[in-house]
Amino acid sequence: MTDAPAAVTPRYEQAYETIRGMIVEGRLRGGETISEVRLADELAISRTPVREAVRRLVGQGLVESTPRGLRVFRPKREDVAEVYFLRAAIEGALVRAAALRITAAEIEALRAIHARSLEAASRENIPDLVALNGEFHAGIAAAAGSGRAGEALRDLDPLVATYRRLSLFAPGHRKASNDEHGRLIEHLERHDGARAEALMRAHIARAGRRIVDAVLQIEPPEPGADKAARLIANLDSLDADDAAL
């Protein structure tokens with residue numbers, strides 16, 4: 001008998017992963033115009049799979065259509081605050097549920113990701129750190145066993161992956177994030193759901209706040225600042241640390 005041929009990844013899927021990676025890693029920056037012709041030339045493929053990939057990215061909010069054409073999504077303060085408020089609410093509930101049932105094997109898997117994150121931070125490897133950050137949070141969501149909540153997070157993931165790069169860019173922010181991941185593991189190991197939830201919400205709220213501040217450095221406030229201020233206040237309200245419990 002001969003082995004069955006390995007499945008071939010469709011060209012549009014390859015194009016999607018590559019272009020998404022270029023956005024997440026900052027090689028395509030927020031506000032930058034996207035040319036399907038240029039991308040097709042750069043990736044050495046036809047325009048059809050690139051067009052399908054870009055359409056998917058538009059649907060996920062990473063690329064936006066404007067009167068002047070397609071461009072990489074440039075987050076506003078209110079976008080960041082709203083996405084991270086939603087993340088904090090969902091992931092806070094998930095980590096509390098995970099604390100009740102997490103296994104020793106799942107704890108060890110999180111420790112392994114955390115160790116790799118510390119190593120990536122020491123090398124200042126931001127792409128690896130962004131990916132490992134996502135793995136860590138996905139591992140906790142999986143331990144909670146809630147499929148629908150996991151799907152809700154996956155819907156947010158493309159935008160969150162882009163924001164993570166802004167949050168993890170400064171060395172102090174990288175250290176804070178890794179330190180909080182270490183404490184989350186300790187709470188999970190003790191099955192302390194209340195402290196795990198408080199820390200997760202504060203962890204995500206702080207990351208969101210760092211990104212809001214980074215966005216302000218890139219672009220000054222626009223009209224509608226009152227709405228942004230309300231959403232940022234909602235986010236800040238979640239920054240109540242586990243130490244208070």
Side-chain angles (χ1 to χ4, degrees), residues 4-84 86-87 120 123-135 137-138 150-170 173-174 207-208 210-224 228:
V8 177
T9 304
R11 286 286 183 89
Y12 76 86
E13 187 71 29
Q14 295 176 26
Y16 164 78
E17 292 294 342
T18 301
I19 299 168
R20 180 182 182 276
M22 293 167 73
I23 295 171
V24 169
E25 293 168 18
R27 287 180 284 154
L28 286 174
R29 298 186 177 276
E32 184 175 341
T33 300
I34 285 184
S35 164
E36 291 178 358
V37 173
R38 180 171 60 81
L39 285 171
D41 289 343
E42 187 172 340
L43 301 179
I45 58 176
S46 68
R47 285 185 62 188
T48 299
V50 169
R51 187 179 302 115
E52 292 179 15
V54 168
R55 187 180 300 122
R56 183 175 173 186
L57 291 164
V58 169
Q60 293 177 331
L62 282 177
V63 173
E64 56 188 351
S65 181
T66 74
R68 296 185 178 182
L70 297 166
R71 70 178 184 187
V72 179
F73 173 70
R74 177 182 289 167
K76 298 180 177 63
R77 292 181 302 153
E78 53 265 38
D79 298 318
V80 176
E82 199 156 27
V83 167
Y84 271 73
L86 183 56
R87 268 196 69 202
R123 292 185 287 109
E124 299 188 356
N125 187 326
I126 304 304
D128 279 2
L129 195 56
V130 169
L132 288 164
N133 192 299
E135 284 184 36
H137 285 266
E151 286 176 14
L153 285 176
R154 282 192 291 276
D155 288 342
L156 293 175
D157 187 63
L159 286 175
V160 169
T162 304
Y163 296 151
R164 277 195 184 111
R165 185 179 62 82
L166 290 173
S167 174
L168 297 170
F169 201 77
H173 298 170
R174 295 197 289 272
R210 289 195 293 264
I211 298 165
V212 166
D213 293 341
V215 169
L216 277 173
Q217 296 297 317
I218 298 168
E219 197 169 290
E222 295 182 353

dist Arg55:CZ -> Tyr12:OH (nearest 0.5 Å) comes out at 11.5 Å
Residue set satisfying side-chain contact (heavy atoms from CB on, under 4.5 Å) with Ile126, at least two apart, ordered chain then number -> Val130, Arg165, Arg174
For Ala120 and Leu132, the nearest pair of non-hydrogen atoms, with its separation, is CB-CD1, 4.2 Å
Interatomic distance, CG@Asp128 vs CG@Asn133, rounded to 0.5 Å, equals 12.0 Å
By side-chain contact (heavy atoms from CB on, under 4.5 Å), Arg68 pairs with (sequence neighbours left out) Thr66
Sequence neighbours excluded, the answer for side-chain contact (heavy atoms from CB on, under 4.5 Å) partners of Glu17 is Glu13
Original post:
Is the number of heavy atoms from other residues, nucleotides or ligands under 6.0 Å of Glu36 CD greater than 12?
Top reply: yes
Here the pair of heavy atoms bringing Arg74 nearest to Glu64 is N-OE2, 3.9 Å
Contacts of Arg27 meeting salt bridge (charged side-chain N to carboxylate O under 4.0 Å, His left out) (sequence neighbours excluded), chain-then-number -> Glu25
Q. How about Asp79 and Phe73: do any of their side-chain heavy atoms sit closer than 4.5 Å?
A. yes
Exactly one candidate in Val63, Leu57, Val72 meets side-chain contact (heavy atoms from CB on, under 4.5 Å) with Ile19; the answer is Leu57
Side-chain polar contacts of residues 38-54 - donor-acceptor pairs under 3.5 angstrom, sequence neighbours left out - could you list them?
none

